[in-house]
Protein chains: 2
Amino acid sequence: MFKPDKDIHDLPRRSVSFKAGDVVIAEGDIAESVYMIESGWAIEYRLLDDGRRQILNFLVPGDHIGLQAISMKTASYSVCVVVDSRLQKMTPDSFLRALKKNPKLVECLWHTSMKDLSIAREQVVRLGRMSAIERIAHMLLEINARLKKSSGVNDNYVGIKIPQALLADALGLSVVHVSRTITKLQKLGLIRTGEKGIEILNYNEMSRLCGFEDNYLMDPDIQRVA
Amino acid sequence: MFKPDKDIHDLPRRSVSFKAGDVVIAEGDIAESVYMIESGWAIEYRLLDDGRRQILNFLVPGDHIGLQAISMKTASYSVCVVVDSRLQKMTPDSFLRALKKNPKLVECLWHTSMKDLSIAREQVVRLGRMSAIERIAHMLLEINARLKKSSGVNDNYVGIKIPQALLADALGLSVVHVSRTITKLQKLGLIRTGEKGIEILNYNEMSRLCGFEDNYLMDPDIQRVA
DNA sequence: CGTATTCTTGACCGTGCTCAAGTCCCGTGG
DNA sequence: CCACGGGACTTGAGCACGGTCAAGAATACG
């Protein structure tokens, strides 16, 4: 089977370090480089005038940063790494040159964007029609699924330590309520929080609780267009 | 300037009629045709097991239906037309043939998808961090902006009659609360509801209320990659 | 060892939900 | 032409989910 990311991975790039909290792309920036996360993790977010923050997505190793900025004139949201991270940077020049030379690369980017779109839409469902406990369970299951794909390790463990303030801003909740709800999930025996992440103790019960199905994370059907 | 949709518009297609309420694509369907709305309008939505519905997006003339199904194996959401509508249908065969023959078309699709992604992300911000009145104001301004672009008519009028139940399911609110909030917007002198749509009486004040900026609806910067 | 950050817990409050009744409008059939 | 019925909207009353404020515990860090 055709490997979707193959062409993207052939691009010229170099590894760059970012410190926890560093902003990689800020809202309003004109398109700069495109990155791929090698290690660490990041968030995409938007800030409202009065300081409210909405996290749009968590980015884990293998995910791309700044793809949209290639297509739109300016970035409509910011991206920052949450922990010390290593990113693979593709310079805009080499990136655009490669795009022109290799039409298949554009196809690749399209598929990557489609997956992002699926993820964004699932986030809409979470925020619009799920209760607090469902939102948190669903989010944890999504991150677990995406980490599994990127690492290849098939456990029921969310191996990144996500501050509750970030979960709150991602899920449209207050920090206090996130704390209470996570406690509730623990008392239900569904998860266990630890030093380095969260363990999912009862995957089936957890999925049932929030109606989680991972098909929206499915790899694009490359063969259709390739 | 390069017209983004030019190539898409050159595809072979035929006009098809749908009656109000007809489902064009159902969740779980394997990719069928791709459509473009000629007249009328539609919604993209997901249903949860217990009947809750989340509307992901409103689709107006010029918007595409089923693009994502080309890339993913099955549709992860449904689309139905809300009023009697006319859609331009591209058969999957001719569509895929055209895709293979014309690499630029894929580029076009990518940009279209990027705009969808922008819209989905703005929907996330609405649901996650805006109050009921902000959500409604913001949604109305977005639809107004998109209708302006597709029709070319530059007025402050939302010329489609959106049932409040749909606004509720789009904005994560109850029908009752949508009713109350629209009443409030009218009492504030910001909008006026009518037979065939909603008039925006005070565009500036309305934008200020919800922090609406239309830059996320900006056309993709095609020249960058073309 | 002191300070800052994150998490927890309690008490109270408010936005928005639910339930319910009533109005308005329009299409349909008697 | 009017009676009926259904759908969309409105309005009121009470309630609940989740927010806010505040204080304290636990943890990390310089």
Side-chain angles (χ1 to χ4, degrees), chain A residues 19-21 43 48 50-55 80 82-84 126-140 158 160-188 191-198 209-210, chain B residues 19-21 43 48 50-55 80 82-84 126-140 158 160-188 191-198 209-210:
Chain A
K19 295 211 81 63
I43 51 174
L48 305 192
D50 58 0
R52 284 178 283 184
R53 176 175 70 170
Q54 177 62 44
I55 293 178
C80 75
V82 180
V83 297
D84 292 352
R126 264 194 296 262
L127 292 171
R129 283 296 179 227
M130 290 191 192
S131 66
I133 197 168
E134 289 171 323
R135 287 183 211 183
I136 292 179
H138 198 278
M139 185 87 249
L140 292 177
V158 181
I160 57 179
K161 174 75 181 144
I162 308 174
Q164 296 186 357
L166 294 198
L167 277 179
D169 280 344
L171 298 175
L173 301 168
S174 67
V175 179
V176 173
H177 202 63
V178 167
S179 171
R180 285 192 226 277
T181 308
I182 285 183
T183 301
K184 193 185 281 182
L185 281 169
Q186 294 191 75
K187 288 197 176 130
L188 288 170
I191 62 173
R192 179 163 47 205
T193 61
E195 280 302 289
K196 295 151 94 176
I198 292 178
L209 170 69
C210 61
Chain B
K19 294 212 83 62
I43 52 173
L48 305 192
D50 59 359
R52 283 177 284 183
R53 176 174 68 169
Q54 176 62 45
I55 293 177
C80 75
V82 181
V83 298
D84 292 353
R126 265 194 295 261
L127 293 171
R129 284 294 180 231
M130 291 190 190
S131 68
I133 198 169
E134 289 172 323
R135 288 183 212 183
I136 292 178
H138 198 278
M139 184 89 249
L140 291 176
V158 181
I160 57 178
K161 174 75 181 145
I162 308 174
Q164 296 186 356
L166 294 198
L167 277 180
D169 281 342
L171 299 175
L173 301 168
S174 68
V175 180
V176 173
H177 202 64
V178 168
S179 171
R180 285 191 226 276
T181 308
I182 285 184
T183 301
K184 193 184 283 182
L185 280 170
Q186 293 191 75
K187 287 194 177 138
L188 287 171
I191 63 172
R192 179 162 48 204
T193 61
E195 280 302 290
K196 296 152 94 175
I198 293 178
L209 170 68
C210 62

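Computed over heavy atoms, backbone and side chain alike; hydrogens, waters and symmetry mates excluded. Chain letters run A, B, ... following the sequence lines, proteins first, then strands; residues in each count from 1.
Projected onto DNA chain D by closest heavy-atom contact, P163(B) and V176(A) fall at different nucleotides, the more 5' of which corresponds to P163(B). Across the interface with DNA chain D, nearest-nucleotide mapping of A132(A) and I162(B) shows I162(B) to be the residue nearer the 5′ end. Along DNA chain C, the nucleotide closest to T183(A) and the one closest to R129(A) are compared, and the more 5′ of them pairs with T183(A).
Rounded to whole angstrom, the span from the CG atom of L173(A) across to the P atom of dT15(C) amounts to 17 Å. Between the C1' atom of dG7(D) and the CG atom of L166(B) lies a distance of 13 Å, rounded to the nearest Å. Spacing between atom CZ of R135(B) and atom P of dG16(C) amounts to 7 Å, rounded to whole angstrom units. Counting to the nearest Å, the P atom of dG10(C) and the CZ atom of R180(A) are 8 Å from each other. One interatomic measurement links the two molecules: NZ of K196(B) to P of dA8(D), which rounds to 20 Å at whole-angstrom precision. Counting to the nearest Å, the P atom of dT9(C) and the NZ atom of K187(A) are 6 Å from each other. The interatomic distance linking I133(B) (CD1) with dG14(C) (P) rounds to 18 Å, in whole Å. Straight-line distance from the CD atom of E195(B) to the C1' atom of dA8(D): 12 Å, rounded to whole Å.
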Worked check of side-chain contact (heavy atoms from CB on, under 4.5 Å) between L166(B) and Q164(B): CA-CA 5 Å; L166(B) 294 198; Q164(B) 296 186 356; over 6 Å; no
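Looking only at distances, no side-chain donor or acceptor of R129(B) sits under 3.5 Å from a matching main-chain atom of Q54(A). In this structure, the side chain of D84(B) engages the main chain of A20(B) through a donor-acceptor pair within 3.5 Å.
You'll find that the side chain of S131(A) is closest to dG18(D), out of dG18(D), dC17(C), dT9(C). For S174(A), counting side-chain heavy atoms from C-beta on, the closest listed nucleotide (dT20(D), dG16(C), dC7(C)) is dT20(D). Listed candidates were dC7(C), dG19(D), dC9(D). Nearest to the side chain of K161(B) is dC9(D).
The pair D169(B)-R52(B) does not count as a salt bridge, with every side-chain nitrogen at least 4.0 angstrom from each carboxylate oxygen.
Applying the 4.0 Å criterion to OP1 and OP2 of dT10(D), one finds that Q164(B) has a side-chain N or O inside that range. In terms of phosphate contacts, S179(B) brings a side-chain nitrogen or oxygen within less than 4.0 Å of OP1 or OP2 of dT10(D).
Between S131(B) and E134(B), the shortest heavy-atom distance links the atoms N-OE1, 2.8 Å.
Nucleic acid contact for V175(B): none, since no nucleic acid atom lies under 4.0 Å from a heavy atom of the residue. Using a 4.0 Å heavy-atom distance criterion, I182(A) is classed as making no nucleic acid contact.
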